[in-house]
Amino acid sequence: MEAHASPMAAEIDICGTGTAFGTFGELLQGVLPEGDRHFMVTFPVAGWSRAVFRHSPGREGFTVWPPHKRKAVRIAELALAAAGRTGGGSLELSSELPEGKGMASSSADLVATVRAVGAAVGRAFGAAEIESFMRRIEPTDGVMYDQIVAYHHREAELREELGMLPPLVIVGHDEGGQVDTIAHNRQSRRVGEAEKAEYAVLLDELCAAVRAGDLAAVGRVATRSAELNAAARSRRSLPELRRICAETGGLGVACAHSGTVLGILYAADDPELAARVGSALAACAELPGTTAVHRSLGRGDVWSASSMEVTVRETTVPARGASTESAWGA
């Protein structure tokens, strides 16, 4: 029998990648007098979640890795439908952000996922559209905005864009354990009128400080917010961190209001930065828990990204011949 050359077919693999930064807690978080609205001011940090999405137009359903990231599947479905696409795909997530610490790991995963889906199908999703998806899933930290923002996290609603600060170095201390942010946000702690009024003043001060690049004022507001947080839930390391901050010339102490980390703030361009950070690390080593150095995002940094990669693979299609006729049903 005459031999036939096997025809070739092309399989196109379209892969989208998206990233999103996390936060080191918040610079300020509380409740305002106007309608008892909860709010936060974000503190973006140089730590990212990364999502890789491979779209399969002819296949239903999604696979995800790690398997417990089911909320990422839900937001991928929302993004794909909003882009007018059908089918399913595979999603892979990786992150530099630990879970349950108050560093916006879940929000960063979801925002990175939307960006990856958008990159794979050629659709750019803006921050407002991403937050509309988030609103249907969980409270969020405003990490879809590439700047510091005042944010109503329970409603997933932007309050005000504030801009960028010069970078800060954070000597971060983790008190241990994990906090379920969704469960935390469901709890209803009574906040007195005097405290709400103070939060309103602090918010005005912080907005002005961020816009002016006044790091000393930012540090003062962050410290006061950490103190108010400690009055509501135990932050056993805060007194020691405040002492270390004062002794090493820090700007203040920030915290994750629904997490486990607190950190001492230093200006990244401080000529004595290395000595200050070294002294702080040595002092924090005496405390229960773990310590690590972080850097906030600032002017000139790349805050987030997305990209598409198209791979064409040639595969052999079996020739229609004597050896394959039974398989083809001829």
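- Taking the ring centroids of Phe24 and His294, they lie under the 6.0 Å cut-off.
- Comment: Arg242 engages Glu227 in a salt bridge, judged by a side-chain N to carboxylate O separation of less than 4.0 angstrom.
- The pair Glu160-Arg211 meets the salt-bridge criterion, with a side-chain N (NZ, NE, NH1 or NH2) lying under 4.0 Å from an Asp/Glu carboxylate O.
- Between the Thr42 side chain and the Pro44 main chain, no donor and acceptor come within less than 3.5 Å of each other.
- Arg295 has a carboxylate O that lies under 4.0 Å from a charged side-chain N of Asp301, or vice versa, which qualifies the two as a salt bridge.
- The existence of a salt bridge linking Arg154 and Glu138 is excluded, since no basic side-chain nitrogen approaches an acidic carboxylate oxygen closer than 4.0 Å.
- A donor-acceptor contact closer than 3.5 angstrom links the side chains of His257 and Ser225.
- Between the side chains of Tyr145 and Glu131, at least one donor N or O lies within less than 3.5 Å of an accepting N or O.
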Using the rule given for salt bridge (charged side-chain N to carboxylate O under 4.0 Å, His left out), can you reason through Arg50 versus Glu92, listing the C-alpha separation, both sets of side-chain angles and the distance that settles it, and then say yes or no? CA-CA 8 Å; Arg50 181 175 184 267; Glu92 184 174 346; over 6 Å; no
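- Distance check, rounded to the nearest 0.5 Å: CG of Asp214 to CG of Leu251 gives 9.5 Å.
- Under 3.5 Å, the side chains of Thr248 and Ser279 contain no donor-acceptor pair of N or O atoms.
- Residues Ser105 and Glu99 have side chains that never bring a donor and an acceptor to within less than 3.5 angstrom of each other.
- With salt bridges taken as basic N to acidic carboxylate O contacts below 4.0 Å, one links Glu129 and Arg123.
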Apply side-chain contact (heavy atoms from CB on, under 4.5 Å) to the pair Glu155 and Arg37, showing each step before the final yes or no. CA-CA 9 Å; Glu155 298 94 337; Arg37 296 195 76 185; 3.6 Å; yes
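- Rounding to the nearest 0.5 Å places CG of Leu93 at 9.0 Å from NE2 of His68.
- The closest donor-acceptor contact from the side chain of Thr291 to the backbone of Ala285 lies at 3.5 Å or more, if one exists at all.
- Using modelled atom types and a 3.5 Å distance limit, the side chains of Asp174 and Thr260 yield a donor-acceptor pair.
- Taking the six-membered ring where the residue is Trp, the centroids of Trp48 and Phe21 are separated by 6.0 Å or more.
- The CG atom of Asn229 lies 8.5 Å from the CD atom of Glu26; values are rounded to the nearest 0.5 Å.
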Using side-chain contact (heavy atoms from CB on, under 4.5 Å), reason through His55 and Leu80 one step at a time and then give a plain yes or no. CA-CA 9 Å; His55 184 213; Leu80 198 61; 3.9 Å; yes
